[in-house]
Amino acid sequence: HGVGRYEGLVRLEVQGSEKDYLKIRYSGGDHLYVPVEQMSFIQKYTGGGESGSRLNKLSSNEWKRVKARVKADIARMAAELAATAAERRALSGHAFPPDGEWQREFEDRFPYDETEDQLKAVASIKKNMESPQPMDRLLCGDVGYGKTEVALRAVFKCASDGKQAAVLVPTTLLASQHYTTFSERFSDFPFSVEMLSRFRSAAEQKKVVEGLAFGSVDVVIGTHRLLSGDIAFKDLGLLIVDEEHRFGVRHKEKIKNLKKNVDVLSLTATPIPRTLHMSLLGVRDMDIISEPPEDRYPVQTYVMEESPDIIRETVRRELDRNGQVFAVASRVSSLGRIAENIARLVPDARIAVGHGQMDEARLEDAMADFIARKYDVLVSTTIIESGLDIPNANTVIIFDADKFGLSQLYQIRGRVGRTNRIAFAYLLHRRDKQLSETAEKRLRAIKEFTEFGSGFRIAMRDLEIRGAGNLLGSEQHGHMAAVGYELYCRMVSEAVRALTAGGAAETSQVDAAGEEKTEPKLDVTIDAFIPESYIENETERIEIYHRIAFIAKEKDMADLTGELNDRYGPPPRPVTALMRIALVRTLASAAGLNFVRAGSAAELDALIEKLNSGMIE
């Protein structure tokens with residue numbers, strides 16, 4: 001029926017038996033009463049924010065039309081992804097040789113213990129590179145989870161075979177940071193690492209461009225300058241693209257041309273929620289690094305009103321442990337005020353200011369000096385958001401935090417806590433300022449999600465607060481907002497399944513988990529509900545109803561009965577009847593039955609026994 005608004009649980013007596021129903025209001029004031037045992041057919045709408053949740057009409061075909069349109073577009077998108085993948089598979093690329101002694105030596109010099117996920121990703125990438133088909137992989141990992149090290153090993157493998165590697169990044173600061181990292185890691189090996197960005201003079205750029213064409217430059221790290229018309233590689237073997245979604249349409253076209261016939265590894269910290277990742281797995285090679293490096297602590301996060309005492313204490317404490325501080329603001333115009341304020345409150349703090357509107361050389365100098373610990377505090381805009389790694393900076397103060405998006409706050413917070421020191425993030429808002437509901441939700445969410453690996457949950461909460469995030473491109477945002485995230489994922493999953501099966505996707509009735517399902521009609525005339533006297537809290541009752549709706553076998557029923565016993569005491573008769581009805585529904589659906597009738601608990605038990613034994617009448 002489409003998008004409706006949940007208005008609570010109501011108890012109705014139908015044919016002499018009492019049951020609870022979910023009351024859902026649709027456009028025009030119509031109501032639908034859904035039996036709680038059919039909860040598997042509804043999901044929470046996520047994807048358009050409050051403004052996007054326009055209710056559908058019960059009696060119109062509008063929802064069918066929306067679903068049909070989204071389904072057709074998803075099928076087209078999946079087909080395009082699959083065609084691109086097939087096209088690349090048909091091409092003949094370069095097969096890199098297996099690892100040599102140098103590769104092992106290079107990897108042994110990594111000063112930390114790799115995580116299981118890192119090792120898996122490295123193994124998958126190397127396997128791809130050793131195949132003659134051009135690689136096109138996406139490496140997804142939370143901030144600070146070691147994607148750079150995975151990329152370094154792929155680049156080293158490429159350079160060891162005499163091929164060139166290019167690392168494309170969205171900002172000059174990130175290019176500079178990567179250049180430093182790559183130069184240090186490659187310093188004991190005979191490979192030339194260079195950088196191309198606006199931080200380099202015209203003469204330096206000319207030299208690098210000539211080196212790429214001649215073959216004397218093995219590894220180049222650069223911004224969109226790498227996509228300029230004067231760039232020609234002698235023998236490009238690997239392209240690493242960091243945060244491709246941050247490049248413009250024109251640049252993406254050029255990236256596409258550069259990708260032809262070479263191995264490509266795309267890196268992203270924009271978390272793709274697991275469900276969508278699983279759906280897309282069929283058409284895109286993907287690795288996810290979801291476990292944090294060892295000896296890391298979650299960032300201690302505080303949301304509070306801005307005050308001189310808080311700023312003074314926060315900066316003072318970090319300086320006392322010989323650390324450094326990021327002070328971040330949303331506008332360039334407020335940086336001067338913040339820098340003066342900190343200087344007045346902590347007179348001995350050495351303060352640098354950095355933002356994207358500065359002269360490149362001055363900005364680079366400020367950043368380099370901060371990295372070299374010539375400054376204690378860096379007052380900047382969100383330029384620090386993009387992957388910068390400054391291990392000694394372990395406190396971040398975000399001013400006017402209510403003006404930032406949730407993913408942005410998460411990325412900025414990810415700049416600290418990258419060592420085994422406990423790090424702190426202070427999200428400040430103006431004193432006595434009335435925060436909007438959306439801003440309050442964001443700040444609550446960022447405080448709630450402090451543990452490692454929260455990126456996926458942040459992405460999901462972001463979907464709820466402001467609508468579909470940057471997951472697949474602007475067109476797909478609209479689709480997610482139209483049908484909601486869960487249904488969207490299910491449709492992607494069906495489209496992929498249809499492609500891999502080689503046929504067109506049939507419209508099937510599916511439950512919330514995306515499984516095909518025939519829904520039998522049940523005529524059960526016994527009381528089946530959770531009494532308020534047993535579970536008072538409505539949210540908890542809904543949660544248990546949801547769990548009951550997904551009972552698939554007797555073990556599930558036994559496990560849930562045990563849990564209910566522990567939490568609320570022995571389940572009353574209407575609750576055990578409800579669990580039996582849920583089990584009968586699942587078993588009858590699996591057996592392909594259309595109609596089931598039972599008039600007592602004994603008849604239900606007999607039905608369960610028959611269905612389990614396959615004795616169907």
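Quick note: residue numbers are just sequence positions, from 1. Only a predicted model underlies this, so the values are computations on that prediction, with no experimental measurement involved.
Partners of His355 by ring pair (Phe, Tyr, Trp, His ring centres under 6.0 Å), not counting sequence neighbours: none found.
When side chains are defined from C-beta on, Tyr145 does not count as touching Asp117, because their heavy atoms never get closer than 4.5 Å. Contact annotation: the side chain of Phe326 never approaches that of Thr395 to less than 4.5 Å [non-hydrogen atoms, C-beta and beyond]. Under the 4.5 Å side-chain criterion, counting only non-hydrogen atoms from C-beta, Leu265 is in contact with Ile125. With a 4.5 Å cut-off on side-chain heavy atoms, Cys158 and Met129 count as touching. The shortest side-chain heavy-atom distance between Leu427 and Leu409 falls under the 4.5 Å cut-off. The shortest side-chain heavy-atom distance between Asp320 and Arg317 does not fall under the 4.5 Å cut-off. Side chains of Leu238 and Leu236 form no contact here, defined as non-hydrogen atoms less than 4.5 Å apart. With contacts defined as side-chain heavy-atom distances shorter than 4.5 Å, the pair Thr148/His178 qualifies.
For the 3.5 Å distance criterion, the side chains of Glu204 and Ser201 qualify, holding a donor opposite an acceptor. Counted by atom type alone, Gln324 and Asn392 present one or more donor-acceptor pairs between their side chains at under 3.5 Å. Neither side chain, Arg200 nor Ser197, offers a donor N or O lying under 3.5 Å from an acceptor on the other.
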Report the C-alpha separation of Tyr375 and Phe370 in whole Å, then their side-chain angles, then the decisive distance to 0.1 Å, and conclude whether the ring pair (Phe, Tyr, Trp, His ring centres under 6.0 Å) test is met. CA-CA 5 Å; Tyr375 292 107; Phe370 185 67; 7.6 Å; no
Val208 vs Val220, test: side-chain contact (heavy atoms from CB on, under 4.5 Å). Steps then yes/no. CA-CA 8 Å; Val208 175; Val220 64; 4.2 Å; yes
Working note: Asp285 + Met135, criterion side-chain contact (heavy atoms from CB on, under 4.5 Å); need CA distance, chi angles, decisive distance, verdict. CA-CA 9 Å; Asp285 291 325; Met135 171 175 79; over 6 Å; no
Could you please spell out the steps behind the side-chain contact (heavy atoms from CB on, under 4.5 Å) verdict for Ser228 and Arg225? CA-CA 5 Å; Ser228 306; Arg225 173 71 181 85; 3.2 Å; yes
Determine whether His94 and Asp161 satisfy the following criterion, side-chain hydrogen bond (donor to acceptor under 3.5 Å, both in side chains), listing intermediate values before the conclusion. CA-CA 10 Å; His94 177 73; Asp161 196 34; 2.5 Å; yes
Using the rule given for side-chain contact (heavy atoms from CB on, under 4.5 Å), can you reason through Asn341 versus Ile311, listing the C-alpha separation, both sets of side-chain angles and the distance that settles it, and then say yes or no? CA-CA 9 Å; Asn341 200 12; Ile311 296 167; 4.1 Å; yes
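In terms of heavy atoms, Asp230 sits closest to Val209 at O-CG1, 3.4 Å. For the pair Ile338 and Ala327, the tightest heavy-atom approach, listed with the atom from each and the gap, is CG2-CB, 4.4 Å. When every heavy atom of Ile310 is checked against every heavy atom of Leu428, the shortest pair comes out as CG2-CD2, 4.2 Å. Here the closest heavy-atom approach between residue Gly237 and residue Val262 is recorded as O-CB, 4.0 Å. Ile289 approaches Val150 most closely through the heavy-atom pair CD1-CG2, 4.0 Å. Counting all heavy atoms, side chain and backbone alike, Ala151 lies closest to Ile240 at CB-CD1, 4.0 Å.
A donor-acceptor distance shorter than 3.5 angstrom exists from the side chain of Arg350 to the backbone of Arg373, with no hydrogens or angles considered. A donor-acceptor pair under 3.5 Å is absent between the side-chain atoms of Gln177 and the main chain of Thr172, judged by distance alone. Panel note: side chain Asp218, backbone Ser192; a donor-acceptor pair is recorded below 3.5 Å. With hydrogens and angles disregarded, a donor-acceptor distance shorter than 3.5 Å links the side chain of Gln164 to the backbone of Leu212. Side-chain N or O atoms of Thr301 include one that pairs as donor or acceptor with a backbone N or O of Val299 at under 3.5 Å. Under the 3.5 Å distance criterion, the side-chain polar atoms of Glu149 are left unmatched by any main-chain donor or acceptor of Gly146. Checked by atom type and distance alone, the side chain of Ser131 pairs as donor or acceptor with a backbone atom of Gln133 at under 3.5 Å.
Around atom CZ of Phe110, more than 12 heavy atoms belonging to other residues, nucleotides or ligands sit under 6.0 Å away. Within a 6.0 Å sphere centred on CZ of Arg109, other residues, nucleotides and ligands contribute more than 12 heavy atoms. Heavy-atom contacts from other residues, nucleotides or ligands closer than 6.0 Å to NZ of Lys374 number 12 or fewer. Heavy-atom contacts from other residues, nucleotides or ligands closer than 6.0 Å to NZ of Lys126 number more than 12.
Residue Asp287 forms a side-chain hydrogen bond (donor to acceptor under 3.5 Å, both in side chains) with just one option from Arg137, Lys147, Gln118, and that option is Arg137.
Ile231 contributes atom CD1, which lies 6.5 Å from atom CZ of Phe233 (distance to the nearest 0.5 angstrom). Between the CD1 atom of Ile422 and the CG atom of Asn394 there is a distance of 10.0 Å, given to the nearest 0.5 Å. Between Asp242 atom CG and Thr223 atom OG1 the span is 12.5 Å, to the nearest 0.5 Å. To the nearest 0.5 Å, the span separating CZ on Phe404 from CZ on Arg413 amounts to 14.0 Å. If you take CD1 on Ile351 and CG on Leu378, they are separated by 10.5 Å, rounding to the nearest 0.5 Å. Between the CG atom in Leu139 and the OG atom in Ser266 there is a gap of 9.5 Å [rounded to 0.5 Å].
Under the 30°/60° scheme for interplanar angles, the aromatic rings of Phe189 and Phe106 are found to stand perpendicular. Ring pair Tyr302/Phe424 is parallel by interplanar angle, where below 30° counts as parallel and above 60° as perpendicular.
No cation-pi contact links Arg331 to Phe399, judged by a cut-off of 6.0 Å to the six-membered ring centre and 45° from its axis.
In summary, Glu116 and Lys120 do not engage in a salt bridge, as defined by a charged side-chain N under 4.0 Å from a carboxylate O.
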